[in-house]
J.: 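Okay, here's the structure, questions in a sec.
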Amino acid sequence: MHATPVADVLRGKAAVDSSVTVHGWVRTRRDSKAGCSFLQINDGSCFGSLQVVAPKELPNYEQDVMRLTAGCAVEASGKVVASQGKGQALEVLADGVKVVGWVDDPDTYPIQPKQHSFEYLREVAHLRPRTNTFGALARLRHTLSMAVHRFFHERGFYWIHTPIVTASDCEGAGAMFRVSTLDMANLPRTPDGQIDFTKDFFGKQAFLTVSGQLAVETYCLALSKVYTFGPTFRAENSNTSRHLAEFWMIEPEIAFADLSADADLAEDMLKYVFRAALNECGEDMKFFAERIDKECIARLEKFVESSFERIDYTDAIEILKNSNHAKKGKFEFPVSWGMDLQSEHERYLTEQHVGRPVVVMNYPKEIKAFYMRLNDDGKTVAAMDVLAPGIGEIIGGAQREERLDVLDRRIAESGLDPKAYNWYRDLRRYGTVPHAGFGLGFERTLIYCTGLGNVRDVIPFPRTPGNAEF
RNA sequence: UCCCCGGUAGCUCAAUGGUAGAGCAUGCGGCUGUUAACCGCAGGGUUGUAGGUUCGAGUCCUACCCGGGGAGCCA
């Protein structure tokens, strides 16, 4: 028999007086000696729970209903009726309540109807989706994911499944996780004592990807507008509220495009995705505004209505130098042209100077990756970072170097082996075009939407140094 | 990896170096078409681990483990 989602009942899709069956988990039970118990049933189909009225005439009332506690799984059937109580418009008057799954030890069931700390809930990550917050997050995460795909699909982008395992160690963006089937207790050796990776699964060293960018460029230079959206892995020993060893990243790449078009795309995409959060996750966003961050809805509304502030790196340095903050000596790191922006500088720009996300463009070439396009001044590259209040860098992007001679020079300057990049160089030998792209950290975007303070709480199963439970 | 803060009941937290407590949750009783219901009673603890100082350590010291905030690195 088909169960009706709780969402359909609460939204009036099941007619009053019609019979329905709902499945779900008990959030609370309240008993009335007037002759019934009230069960709050949640099935995750929406934020709200359905009140099921279980009258004491039910044959299993004493045996089952009176023993229900938070977390029990039930199937309830009955009529949809207008509620006599105040908290809800509709409820279900049960003619049957079947217990599908008991909580075997209610005394120690980890999820109680009260506020739990996020730190505690991380330790019970297998049960935290049963809370209001993590249910809302799961729905929001899904909605934003779908909005990302819809945004690109509507604009003629193709989703490219770039590899998770990469056999080249030339991706450059930090420490990588090794993928190997070698027997670690008995490693094969070459005659000179090195580990013989020709004996490994792929016949050479392999790693988990740190970015799909280089690979997606190959499809960009054939299909024009492409993107990746998948998991990414960084083996850095980073312990902050903004870093995960496994996270999800969105990386569009557009051909016949420059940095300005890249920034336009970033702006359009974020606005589209945030509109989806506001329009499609109203109840969940309302909950975040009530319980997590009062500003979160207003922040998104403001974002979708205003345009990005764009600042040249060189101007940003001047702004920082001339700020009262600098004059009062409040920056720990002195500001000078050529330096990478420290967290305190990024925070000042986005939180104090602009008050919303800001794009900083055209950084000195020395502090950016080899593949970013050298500007005509010979000193800067066409790179951009989108900085968001409270988070810092949410997007990192660039126009790519499409000129083979310049690329080769940059590879040499960076001390890299050109041979490792032959396939990447081929893209510049055969029909090269200006192209650009960026990477958006999905979890950081969710933090911006919800006001939650830690990326570990917006991904279902966080992986961080020393932690890969569940 | 570095700096700072923390770890006490299932959960959230109290306790001047001197008998370990409260709220919620759970169990029992009462009351009520109830709304994180309410009222009463009860059970529930190797105070993160291992040492040390002291007549006496949850409290002070050392090491380690775990968690948080910040930094670096980045998305």
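Reminder, nothing fancy here: chain letters follow the sequence lines and each chain counts from 1. These numbers come from a predicted model, not from an experiment.
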J.: What contact category does A:Ser37 fall into here, base, sugar-phosphate, or nothing, at under 4.0 angstrom with non-hydrogen atoms?
T.: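 Since no nucleic acid heavy atom lies under 4.0 Å of A:Ser37, the category is nothing.
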
J.: Output every pair passing salt bridge (Lys or Arg N to Asp or Glu O under 4.0 Å) with a member in residues 452-462 of chain A, not counting sequence neighbours, ordered by first then second residue.
T.: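 Every pair satisfying salt bridge (Lys or Arg N to Asp or Glu O under 4.0 Å) with a residue in residues 452-462 of chain A: A:Arg122-A:Asp457, A:Arg128-A:Asp457.
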
J.: Should A:Arg242 be listed as having a side-chain N or O under 4.0 Å from OP1 or OP2 of B:rA71?
T.: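 Affirmative; the distance criterion is met.
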
J.: For nucleotides B:rC38 and B:rA25, find the distance between their P atoms and express it as a whole number of Å.
T.: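 Between the two P atoms, the distance is 7 Å.
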
J.: Please confirm whether the shortest side-chain N or O distance from A:Asn454 to OP1 or OP2 of B:rG69 is below 4.0 Å.
T.: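 Yes, within the criterion.
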
J.: Starting from P on B:rC31, measure out to CG on A:Asp31 and report it in whole angstrom.
T.: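 Result: 13 Å.
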
J.: Strictly below 4.0 Å: does A:Gln115 bring a side-chain N or O up to OP1 or OP2 of B:rC24?
T.: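 Checking A:Gln115 against B:rC24: no side-chain N or O falls below 4.0 Å of OP1 or OP2.
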
J.: Using purine N1 to pyrimidine N3 plus N6-O4 or O6-N4 for Watson-Crick, or N1-O2 and O6-N3 for G-U wobble, both under 3.5 Å, which nucleotide pairs with B:rG23?
T.: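 Across all strands, the one nucleotide that pairs with B:rG23 is B:rC11.
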
J.: Using a cut-off of strictly less than 4.0 Å, decide whether A:Ser241 has a side-chain nitrogen or oxygen near OP1 or OP2 of B:rG70.
T.: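 It does, given that an N or O in the side chain of A:Ser241 lies less than 4.0 Å from OP1 or OP2 of B:rG70.
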
J.: Side-chain N or O of A:Ser32 less than 4.0 angstrom from OP1 or OP2 on B:rC31?
T.: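 So the side chain of A:Ser32 is outside the cut-off, no N or O lying under 4.0 Å from OP1 or OP2 of B:rC31.
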
J.: Give one of base, sugar-phosphate or nothing for A:Arg456, where a contact means two heavy atoms less than 4.0 Å apart.
T.: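 Counting heavy atoms under 4.0 Å across all strands, the contact made by A:Arg456 is with sugar-phosphate only.
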
J.: Once hydrogens and angles are ignored, does a donor-acceptor distance under 3.5 Å link the base of B:rC73 to the side chain of A:Ser238?
T.: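 When only heavy-atom distances are counted, A:Ser238 does reach the base of B:rC73 through a donor-acceptor pair under 3.5 Å.
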
J.: Rounded off to whole Å, could you give me the CD-to-P distance for the A:Glu236 and B:rA75 pair?
T.: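 For the pair A:Glu236 CD and B:rA75 P, the rounded distance is 9 Å.
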
J.: Tell me which one of A:Arg29, A:Arg27, A:Arg30 satisfies side chain to side chain donor-acceptor pair (under 3.5 Å) with A:Gln40.
T.: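 Exactly one pass, corresponding to A:Arg30.
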
J.: Once you apply a heavy-atom cut-off of 4.0 Å, does A:Asp105 come out as touching a base, just sugar-phosphate, or nothing?
T.: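 No contact.
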
J.: I'd like a list of close polar pairs between nucleotides 40-47 of chain B and the protein, N/O only, cut-off under 3.5 Å.
T.:
none

J.: Is there a side-chain polar atom (N or O) of A:Thr28 under 4.0 Å from OP1 or OP2 of B:rA37?
T.: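 Affirmative; the distance criterion is met.
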
J.: Heavy atoms under 4.0 Å, any strand shown: does A:Glu246 hit a base, just sugar-phosphate, or nothing?
T.: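 Counting heavy atoms under 4.0 Å across all strands, no contact is made by A:Glu246.
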
J.: Spell out, as yes or no, whether a donor-acceptor pair under 3.5 Å connects the side chain of A:His353 to the backbone of A:Ala316.
T.: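 Flag not set: sc A:His353 to bb A:Ala316 has no pair under 3.5 Å.
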
J.: Measure from the side chain of A:Leu244, starting at C-beta and using heavy atoms only, and say which of B:rU12, B:rA75, B:rG33 lies closest.
T.: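 That would be B:rA75.
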
J.: Across the strands shown, which category fits A:Ser117 at heavy-atom distances under 4.0 angstrom: base, sugar-phosphate, nothing?
T.: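 Touches sugar-phosphate only.
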
J.: Taking any heavy-atom pair under 4.0 Å as a contact, classify A:Glu332: base, sugar-phosphate, or nothing.
T.: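 A:Glu332: no heavy atom of the nucleic acid under 4.0 Å.
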
